[in-house]
Amino acid sequence: MVTLDDLQVRSLGTSTIDSPLALYVGGRETNEYYVGETDRILYDDTLELIAARGVPLEELPTFEAGGPRRKIFFDPATTRVGVVTCGGLCPGLNDVIRAIVLELDTHYGVRDVVGFQHGYAGMVESNGHEIVSLTPEYVARINERGGTILGSSRGAQDPGLIVDRLVELGIDILMVIGGDGSMRGAHNIGAEIERRGLTIGIVGVPKTIDNDIPHIGQSFGFSTAFAKAAESIKAARVEVEAAVGGVAIVKVMGRHAGFIACYAALANHDADFVLIPEVQFSLDGDNGLLSLLSRRVRERGSAVIVLAEGAGQDLIPASDRTDASGNAVLGDIAGFLRDQITKDFANRGQALTMRYFNPGYAIRSVPADASDSVYCTRLAQTAVHAAMAGRTDMVVGRRRHRFVNVPIPFVTSGSHSVSPDGDLWLSVLESTAQPFSMS
Ligand SMILES: Nc1ncnc2c1ncn2[C@@H]1O[C@H](COP(=O)(O)OP(=O)(O)OP(=O)(O)O)[C@@H](O)[C@H]1O
Ligand SMILES: O=P(O)(O)OC[C@H]1O[C@](O)(CO)[C@@H](O)[C@@H]1O
Ligand SMILES: [Mg+2]
């Protein structure tokens, strides 16, 4: 069970320097739209959840509020900041890089910001990647492009070698933009820094189009990504409606979490079935996918299946392959379903026109939409405020509209996935009219 201790963010030391933003923060106090720096944000958000804790108010689990502080830890005139992007791409990476640089330069007067190329791999000196000077001019319009101007990578790196490089380059703060693996890596780097008694801060801006990082609210780029996936679902609907016995499978990313599939399906009402890793389904039997699909096509003429790549892995031979970072390489559920559906319709003597859509990388390589751009900017600003105030081993997030600082060990201790008992999955069932249970 989560405790207040789990949510305490580590500091490098006492902040003694007047913040250049002190005037902005000035006499601001908590109100509906702002959280004062001494106030904290509740973890629980219903009366029953709070009552069930059975502890006094001051012992309730609460988050530190994100945002500027009156005093900061690092002297802007002598502070050097490094930025790195790791893991898979996600819309908005360049917006985050840009906003970090602009916030540091414009508001804190930090003129020395450098970027590491190709993720943690580019931080290990022997790998031979040059650092890039990130000036306001250099990052001016990078938000218009998808991907990351710094490049990214997967694969394990030695935290000791990374800390050696930080020391050699005189980096005071490392900003890590990455997913769950990157945050585990960031924590290890932070632990090595602490072991050596150094005062280098590490602050993360969590990145995942799968939206699978817990406790941070929705991750940036997710909304852009599912909107892009929804375009393929719409196209699939057009195709199957024009075909005789049209059935489409639209496969979207989502290794262990089906958020993209759920949101893309909800974005329009074009999906008949949504299959996600969190909810098992059977192929056979009256309530199995094959019967239900056959019936849907007979009743409505066509059907669209939105399939998260991690769904139905129990139906196909397990793969023991992993990628360079140790992430499971999944079996081909889409190919398996295509075969099974084709055979099943043939056995039933039912007409079938099969269409397959795989928007794949196209959903994560696009630039962020306007809403995500705003979100990226605000997350980056929050991360810079925390970093300049000497916070470390933490990430920023936005829970129920409040920006929060969250310890990395707390976000890496679990993962975020679609709850079969939650209201998101209920909405999907309502929208698709697929049965409550397909197993
Ligand atoms: N368990 C781990 N412990 C320490 N470091 C890790 C771990 N997993 C990954 N890393 C480091 O983080 C980097 C990125 O990890 P990974 O490829 O898993 O992507 P990610 O950050 O999880 O992003 P995403 O899953 O959204 O693509 C790797 O290059 C590796 O150096
Ligand atoms: O081909 P790559 O770079 O390993 O990325 C694919 C994976 O990255 C993610 O987008 C994020 O982890 C997953 O949904 C997907 O399986
Ligand atoms: Mg990951």
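Reckoned from all heavy atoms, side chains included, excluding hydrogens, waters and symmetry mates. Just so you know, ligand 1 is whichever comes first in the structure, and atom 1 is the first atom listed for that ligand.
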Exercise. Short list, please: which atoms of ligand 1 are under 4.0 Å from a heavy atom of Gly179?
Worked result: 20 (P), 21 (O), 22 (O), 23 (O)
For this session: Answer with yes or no after comparing the ring centroid distance for Phe259 and His416 against a 6.0 Å cut-off, counting only values under it.
Result: yes
Exercise. Hey, is ligand 2 close enough to Asp323 that some N/O pair sits below 3.5 Å?
Worked result: no
Exercise. If you check every N/O/S atom of Asp180, which is the one nearest the Mg ion (ligand 3)?
Worked result: OD1
For this session: Could you tell me the separation between the CZ atom of Phe73 and the OG1 atom of Thr79, rounded to the nearest 0.5 Å?
Result: 9.5 Å
Exercise. Is the closest basic N to carboxylate O distance between Arg196 and Asp164 below 4.0 Å?
Worked result: yes
For this session: Among all protein heavy atoms, pick out the one at the shortest distance from atom 12 (O) of ligand 2; state its residue, atom name and that distance to 0.1 Å.
Result: Arg255 NH2, 3.0 Å
Problem set entry | Test of ring centre spacing under 6.0 Å for Tyr263 and Phe222 | yes
Exercise. Hey, are Arg184 and Asp180 close enough for a salt bridge, meaning a charged N less than 4.0 Å from a carboxylate O?
Worked result: yes
For this session: Anything under 30° is parallel, anything over 60° is perpendicular, the rest tilted; go ahead and classify His118 against His129.
Result: tilted
Seminar exercise, completed: In terms of its nearest heavy atom to atom 16 (P) of ligand 1, the top option of Ser325, Ala324, Gly221, Gly204 is Ser325
For this session: Answer with yes or no whether the side chains of Asp95 and Ser373 bring together a donor and an acceptor at under 3.5 Å.
Result: yes
Problem set entry | Within 45° cone of Phe403 ring axis and under 6.0 Å: Arg378 NZ or CZ | no
For this session: Would you mind checking which non-hydrogen protein atom is closest to atom 1 (N) of ligand 1, with the distance to 0.1 Å?
Result: Arg184 CD, 3.5 Å
For this session: Examine Arg296 relative to Phe273 and say whether NZ or CZ is less than 6.0 Å from the centre of the six-membered ring and inside a 45° cone about the ring axis.
Result: yes
Problem set entry | N/O/S from Asp210 sitting under 2.8 Å away from the Mg ion (ligand 3) | no
Seminar exercise, completed: for atom 11 (C) of ligand 2, nearest protein heavy atom and its distance come out as Asp210 OD2, 3.6 Å
Problem set entry | Qualifying residue, where the test is salt bridge (charged side-chain N to carboxylate O under 4.0 Å, His left out) with Glu64 and the options are Arg10, Arg391, Arg40 | Arg391
Exercise. Do Asn287 and Leu292 have side chains that get closer than 4.5 Å, going by heavy atoms?
Worked result: yes
For this session: Could you find the nearest protein heavy atom to atom 27 (O) of ligand 1 and give me its residue, atom name and distance?
Result: Gly88 N, 2.7 Å
Problem set entry | Closest protein heavy atom to atom 11 (C) of ligand 1, given as residue, atom name and distance to 0.1 Å | Gly181 O, 3.6 Å
Problem set entry | Those atoms of ligand 2 less than 4.0 Å from some heavy atom in Gly254 | 14 (O)
For this session: Could you check atom 2 (P) of ligand 2 against the protein and tell me its nearest heavy-atom contact, residue, atom and distance included?
Result: Arg154 NH2, 3.5 Å
Exercise. At a 4.0 Å threshold, what atoms of ligand 1 neighbour a non-hydrogen atom of Asn327?
Worked result: 16 (P), 17 (O), 18 (O)
Problem set entry | Contacting atoms of ligand 1, where contact means under 4.0 angstrom from a heavy atom of Tyr120 | 11 (C), 12 (O), 13 (C), 31 (O)
Exercise. Any side-chain heavy-atom pair from Val114 and Val132 closer than 4.5 angstrom?
Worked result: no
Exercise. Is there a heavy atom of Gly179 sitting under 4.0 angstrom from any atom of ligand 2?
Worked result: no
For this session: Just jot down the ligand 2 atoms closer than 4.0 angstrom to any heavy atom of Ile209, in number order.
Result: 10 (O)
Exercise. Numbering the atoms of ligand 2 from 1, which are under 4.0 Å from a heavy atom of Tyr361?
Worked result: 1 (O), 2 (P)
Exercise. Are the side chain of Thr224 and the backbone N or O of Asp369 linked by a donor-acceptor pair below 3.5 Å?
Worked result: yes
Exercise. Is Arg237 salt-bridged to Asp272, going by a charged N under 4.0 Å from an acidic O?
Worked result: yes
Exercise. Are Gly155 and ligand 1 in contact, using a heavy-atom cut-off of under 4.0 Å?
Worked result: yes
Exercise. Heavy atom of Met183 under 4.0 Å from ligand 1?
Worked result: no
Exercise. Short N/O distance, under 3.5 Å, between Gly178 and ligand 1?
Worked result: no
Exercise. Closest non-hydrogen protein atom to atom 9 (C) of ligand 2, residue and atom name please, with distance?
Worked result: Arg364 NH1, 3.7 Å
Exercise. For atom 21 (O) of ligand 1, which candidate among Gly185, Ser182, Ser152, Gly87 holds the nearest heavy atom?
Worked result: Ser182
Exercise. Between Arg154 and ligand 1, does any nitrogen or oxygen pair lie at a separation below 3.5 Å?
Worked result: yes
For this session: Using atom types as modelled and distance alone, determine if a side-chain donor or acceptor of Glu144 lies under 3.5 Å from a backbone N or O of Pro367.
Result: no
Seminar exercise, completed: closest protein heavy atom to atom 23 (O) of ligand 1 is Lys207 NZ, 3.1 Å
Exercise. Counting each atom of ligand 1 from 1 as listed, which ones have a heavy atom of Asn188 under 4.0 Å away?
Worked result: 3 (N), 4 (C)
Exercise. Does the pair Lys228/Glu231 count as a salt bridge with the N-to-O cut at 4.0 Å?
Worked result: yes
Seminar exercise, completed: Of Asp158, Thr412, Asp180, the one whose closest heavy atom lies nearest atom 25 (O) of ligand 1 is Asp180
Exercise. Which residue supplies the protein heavy atom nearest to atom 15 (C) of ligand 2, what is that atom called, and how far is it?
Worked result: Glu309 OE2, 3.3 Å
